[in-house]
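Taking it in order: structure first as C-alpha cells, then the write-up.
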Amino acid sequence: MRGGQFLHWIRFHLGLDPAATQTTAAEREAIAAHARGRRCVVEIGVFEGVTSLVLRGAMDPAGTLHCVDPFFVGVFGFSYGFSISQREIAKSRNGSVRFLHQFSHEAADGWKMPVDMIFFDGDHTDAGVRRDWADWSPHIVPGGIAAFHDSVAPGETSGPPALVREIIATDDRFELACQVDSLSILRRT
Ligand SMILES: C[S@@+](CC[C@H](N)C(=O)[O-])C[C@H]1O[C@@H](n2cnc3c(N)ncnc32)[C@H](O)[C@@H]1O
C-alpha cells in the first residue's frame with residue numbers, strides 16, 4: 001500500500017495521475033452549486049483536495065476555505081495527501097485557503113467564525129460524525145449549508161446516513177435541500 005501511495009504521489013506530480021476522490025461528478029456539481037458565493041467555507045476531510053478545489057473554485061472571491069484534516073504522515077514524517085492536496089487546491093487562485101492540520105474536534109475547539117457552508121467528509125464512524133455535528137452545527141448561519149458525503153444508504157443504521165435521517169426528522173433548525181448520489185445537502189432554516 002505504501003509503495004502504491006508513493007507511486008501515485010510521483011505520478012500525480014508528473015501529471016500522470018489525477019488526485020483521488022470517492023465523490024461522483026454529480027456530487028461535485030451539487031457541492032459547487034451550493035458553495036457559490038459563500039464566504040466562510042469549511043471542509044472536514046480533505047484527503048487529496050479534490051472537493052476542496054471544487055469548494056474553492058465556487059466560493060466568493062473574498063471567501064476563505066478552511067481545510068481540516070490531520071493529514072496522517074508516513075514513516076518519514078511526510079504526508080502524501082497534504083503534498084497532493086496543496087498542489088491540487090492551488091489550481092484555483094480564488095479566495096484564500098487555510099490548512100488546519102488537526103482532527104475536526106480540535107479545529108472546532110474555540111472556533112468563533114460563523115460558517116456559511118461546511119462539508120462533512122472526515123470521520124464516518126457513528127460517534128465521529130455525531131461529534132462533528134454537535135461541534136459544528138451551532139456555527140452554521142441561517143441559510144447556511146451542511147453537506148454530508150456517504151450519507152444516502154436506506155438500510156444503514158449508523159454513521160452519516162442514520163444521522164442525516166435523524167436531522168431531517170427531528171432537527172427543525174435544518175431542512176433537506178437535496179440528495180445527489182451519496183451526498184445530502186441540508187440548509188439551515
Ligand atoms: C473520504 S476522505 C475525504 C475526501 C475528500 N473530501 C474528497 O472527496 O476529495 C476522508 C479524509 O478525512 C480525514 N479524517 C479522518 N478523520 C478525521 C477527523 N476526525 N477530522 C478531520 N479529518 C479527518 C482523513 O485523513 C481523510 O483524508
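In listed order, ligands and their atoms are each counted from 1.
- Listed by number with element, the atoms of ligand 1 under 4.0 Å from a non-hydrogen atom of Phe72 are 25 (O).
- For Thr64 and Arg98, the side-chain atoms include no donor-acceptor pair closer than 3.5 Å.
- From the protein, the heavy atom lying nearest to atom 23 (C) of ligand 1 is Pro70 CD, 3.6 Å.
- Between Gly45 and ligand 1, at least one N/O pair is under 3.5 Å apart.
- Nearest protein neighbour of atom 25 (O) of ligand 1, counting heavy atoms only, is Asp69 OD1, 2.8 Å.
- Annotation: atom 8 (O) of ligand 1 to nearest protein heavy atom, Thr21 OG1, 2.9 Å.
- Residue Val68 approaches ligand 1 through these ligand atoms, each under 4.0 Å from one of its heavy atoms: 21 (C), 22 (N).
- Salt bridge Glu48/Arg87: absent, no basic N to carboxylate O contact under 4.0 Å.
- No side-chain donor-acceptor contact under 3.5 Å links Glu43 and His66.
- In terms of polar-atom proximity, defined here as any N/O pair under 3.5 Å, Asp121 does make such a contact with ligand 1.
- Between Arg11 and Asp17, at least one side-chain nitrogen of the basic residue sits less than 4.0 Å from a carboxylate oxygen of the acidic one, meeting the salt-bridge criterion.
- Taking the six-membered ring where tryptophan is involved, the planes of His8 and Phe12 are tilted, since the angle between them lies from 30° to 60°.
- Shortest contact from atom 2 (S) of ligand 1 to any protein heavy atom: Phe47 CB, 3.6 Å.
- Set against the non-hydrogen atoms of Val46, the atoms of ligand 1 under 4.0 Å away are 5 (C), 9 (O).
- Within the listing of ligand 1, atoms 18 (C), 19 (N), 20 (N), 21 (C) sit less than 4.0 angstrom from a heavy atom of Ser104.
- Within the 4.5 Å cutoff, no side-chain heavy atoms of Asp181 are placed close to those of Val152.
- For a threshold of 3.5 Å applied to N or O pairs, the pair formed by Thr51 and ligand 1 contains at least one separation below that value.
- Residue-to-ligand polar distances keep Ala20 apart from ligand 1: every N/O pair is separated by 3.5 Å or more.
- Between Asp60 and Arg39 there is a salt bridge, with a side-chain nitrogen of the basic residue lying less than 4.0 Å from a carboxylate oxygen of the acidic one.
- A 6.0 Å sphere centred on CD of Glu175 holds more than 12 heavy atoms belonging to other residues, nucleotides or ligands.
- His101 and Phe71 have tilted rings, their planes meeting at an angle from 30° to 60° on a 0 to 90° scale.
- Atom numbering of ligand 1 starts at 1 in the shown order; those under 4.0 Å from a heavy atom of Glu43 are 6 (N).
- Atom numbering of ligand 1 starts at 1 in the shown order; those under 4.0 Å from a heavy atom of Thr23 are 8 (O).
- Connection of Ile10 to Tyr80 is established within a shared hydrophobic cluster, with ILVMFWY side chains joined at heavy-atom distances below 4.5 Å, either directly or through further cluster members.
- Scanning all protein heavy atoms for the shortest distance to atom 17 (C) of ligand 1 gives Asp123 N, 3.8 Å.
- Using a 4.0 Å cut-off between heavy atoms, His149 makes no contact with ligand 1 at all.
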TODO: Could you check Glu166 against Arg130 for salt bridge (Lys or Arg N to Asp or Glu O under 4.0 Å), going step by step and ending with a plain yes or no?
DONE: CA-CA 11 Å; Glu166 205 176 295; Arg130 284 174 190 278; 3.0 Å; yes

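- Annotation for ligand 1: atoms under 4.0 Å from non-hydrogen atoms of Phe103 are 18 (C), 19 (N), 20 (N).
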